[in-house]
Amino acid sequence: MSVMAGGPAGAEQAGRLPLQRVQDAQLNVALPTRTTGDADLTRDLDGDLGEDLAPVVAAEVPTGLESATGVESFEAVLEARERDALEHRYREAAECGDAAAASLLGALLLRRGDLDTAEPYLRRAAAAGLRAGANNLGVLLHQRGHRDEAAQWWREAAVAGSAPAAHALGLHLRDHGDEGGSEYWLLQAAEQGHTGGAYALADLLEHRRDTVRAERWFRVAAEVGHREAAFRLGRLREGAKDPAGAEPWYRQAAARSHAAASLRLGHLLEARGDREEAARWYRQAAQAGETRAACALGFLLRDEGDALGAADWWREAAEAGDGTAANALGALHDEWGETEMAQQWYRTALDAGDHNGAFNLGLMAAARGQEAMAEQWYRRAAYAGHREASNALAVMLLQRGDTPGAEPWFCKAAEAGSVDAAYNLGILHADRGEQHHAQEWYARAAAEGHADAALQLGVAKERRGDLATAVARYRQAADGGSVEGAFRLAVLLERCEDESGGRGEDPERWYRKAAEAGHGRAQVRIGVRAAERGETREAERWYRAAAEGGSRSGAFNLGLLLAREGGESEALRWYAAAAEAGHGRAALRLALIAARRGELREARGWCIRAAELGPAGVTERAERLLEALSAELSA
């Protein structure tokens with residue numbers, strides 16, 4: 001799940017414009033300050049007057065404001081009086097020509113939103129050379145849409161050393177395409193300790209793929225509490241395959257209610273198995289409106305067996321427009337047998353732009369035997385670039401005999417990354433005798449872990465005598481879950497061992513893996529090896545498993561073993577099963593037993609059957625026995 005750059009409402013915005021204090025005022029009046037979160041403007045004020053002086057931030061308290069007890073609070077009244085008195089003193093000093101007072105009064109009015117009254121005072125301060133006045137005049141002009149004039153005043157303030165003005169000017173130049181100039185001024189702001197400047201510089205550098213420097217400035221901003229910078233730093237570390245380095249930055253941002261950081265932190269924790277804590281962060285992000293987190297929480301709950309809880313979160317995300325959640329909800333209703341509801345949610349997913357909805361509707365139609373409808377849905381998803389729909393459509397066309405129509409869809413799916421389509425293309429080319437092209441597609445599929453493709457490559461290498469490569473391919477197939485791959489690997493290891501006369505890797509491990517998965521020939525081989533070691537019961541177990549699975553060799557070997565152990569009546573039953581399945585030696589064995597019992601006509605019938613089945617040695621013996629039986633019958 002991709003994570004979009006940027007945070008939720010309330011996160012820092014690169015275009016936010018700062019106010020600034022006056023530069024060289026002689027006033028020394030302590031004003032109330034406040035501490036806020038990421039959006040606090042006081043962080044952007046020039047600090048030349050000392051940390052105890054800042055323009056008034058709080059809004060004016062209206063007359064008659066009541067406290068929780070119904071009576072206007074003493075603190076509110078006192079604060080309003082102090083603010084009014086301070087504004088009055090600024091105004092008197094400004095009217096007497098005090099540029100510093102004009103700058104402070106202009107900043108106060110600007111914060112209040114009284115732009116018309118603030119502008120003349122700020123222009124007077126700016127004209128007097130006060131960098132705070134120039135910066136704040138730039139802010140006012142920017143708010144009125146006079147961007148170019150605002151930039152002129154910011155440049156004047158920035159040249160005079162104003163970090164907030166350098167930040168604002170850098171943003172202005174960035175928005176006008178001057179990335180070089182933007183980087184210069186943002187760097188000036190960042191090097192003076194301006195947090196917003198450090199963040200904006202890092203954002204610009206990451207855009208220009210200078211990730212090393214970007215990480216440095218994101219870190220500078222994040223270390224002083226900038227939550228969006230912390231989130232972006234976490235993304236950089238995660239992108240560098242360093243989840244451990246990303247986690248603390250995600251935690252920092254998530255602790256300050258950054259929804260996207262909470263989501264990414266949840267993903268990291270879930271990936272390492274901390275599902276309980278992951279659920280907590282997913283829930284925090286989901287409650288903040290992050291639909292992807294609601295969707296992820298649904299999957300986590302489903303995996304824990306809480307399908308109803310998962311459905312609640314998926315429904316919330318789906319109703320907010322998350323196509324993945326709508327698909328998951330559709331699959332859940334489909335699993336519950338609620339076909340109409342499943343179709344409804346798949347259509348919702350499709351309406352949200354998620355073409356998995358069309359693909360899933362195609363799968364549902366195909367399961368009901370509605371091939372025409374399935375093809376329509378597959379086509380809709382395939383034309384939108386859905387690779388598995390392209391493959392499914394190609395399979396449908398191929399089964400219909402439309403190979404020319406199927407091949408382009410297989411190609412489209414394979415080029416989009418479908419390993420099944422790449423494998424199917426290999427089969428298509430192999431059936432046409434185009435072995436070189438077939439091997440190319442098998443190799444592409446095998447490189448993505450397709451076990452059957454690796455098996456086909458192994459078979460081709462073994463035929464060419466490249467046994468080492470064949471072993472490697474069979475091993476890949478076996479490790480990928482191919483039962484036939486495990487069996488062929490065991491056979492080849494045993495062959496190499498016999499040819500070299502030395503002890504290599506024990507093939508029995510792979511025989512056993514295939515045998516336990518129901519591979520009849522592997523079960524017979526395990527039985528033979530057990531019998532050679534004298535482990536009669538173990539041999540019988542595997543022969544019986546193979547015989548009951550339809551293996552004629554298993555049935556014949558089981559018959560031999562039972563006959564040797566005195567169970568001839570049951571042995572005859574398994575000989576017959578093997579012979580009827582085409583096992584020549586079993587038919588010959590039945591002929592000999594019948595002849596020994598004097599059942600000459602039955603013996604003759606099995607002889608004829610054995611001679612037909614072969615192999616050559618069996619045919620020769622059956623013919624000799626048949627001659628003897630014919631002589632006996634005619635005597």
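Each residue takes its place number in the sequence, starting with 1.
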* Between Q476 and R473: side-chain donor-acceptor atoms closer than 3.5 Å -> yes
* Asked: Under 3.5 Å, is there a donor-acceptor pair between the R232 and Y199 side chains?
  -> yes
* Asked: Hey, are E407 and R432 close enough for a salt bridge, meaning a charged N less than 4.0 Å from a carboxylate O?
  -> yes
* Please collect all salt bridge (charged side-chain N to carboxylate O under 4.0 Å, His left out) contacts where either partner lies in residues 382-401, sequence neighbours excluded, each pair once. => E375-R400
* Asked: How far apart are the closest heavy atoms of L263 and A293, and which atoms are they?
  -> CD1-CA, 3.6 Å
* Structure fact -> Heavy-atom nearest pair, L141 first then E119, reads CD2-OE2, 4.3 Å
* Residue pair A325 / A318: nearest heavy atoms and the distance that separates them -> CB-N, 3.8 Å
* State whether the side chain of Q456 and the backbone N or O of D452 hold a donor-acceptor pair below 3.5 Å, judged by distance alone. => no
* Looking at L269 and A278, what are the two nearest heavy atoms and their distance? -> CB-CB, 3.8 Å
* To do: Check for a donor-acceptor pair, side chain of Y378 on one end and backbone N or O of N391 on the other, with a separation under 3.5 Å.
  => no
* Asked: Testing E270, Q287, R275 for side-chain hydrogen bond (donor to acceptor under 3.5 Å, both in side chains) with Y282, which one passes?
  -> E270
* **Salt bridge flag under 4.0 Å for residues R302 and E335** => no
* Can you tell me how far CH2 of W314 sits from CG of D322, rounded to the nearest 0.5 angstrom? -> 11.5 Å
* Within a strict 4.5 Å, meaning less than it, do heavy atoms of the W185 and L171 side chains meet? -> no
* **Aromatic plane relationship, H519 with F487 - under 30° parallel, 30 to 60° tilted, over 60° perpendicular** => parallel
* **Donor-acceptor contact below 3.5 Å, side chain H450 vs main chain A453** => yes
* **Side chains of E215 and R219 in contact at under 4.5 Å (non-hydrogen atoms)** => yes
* To do: Begin from the C-alpha positions of E238 and R235 and carry the test salt bridge (Lys or Arg N to Asp or Glu O under 4.0 Å) through to its verdict.
  => CA-CA 5 Å; E238 190 175 9; R235 284 184 56 207; over 6 Å; no
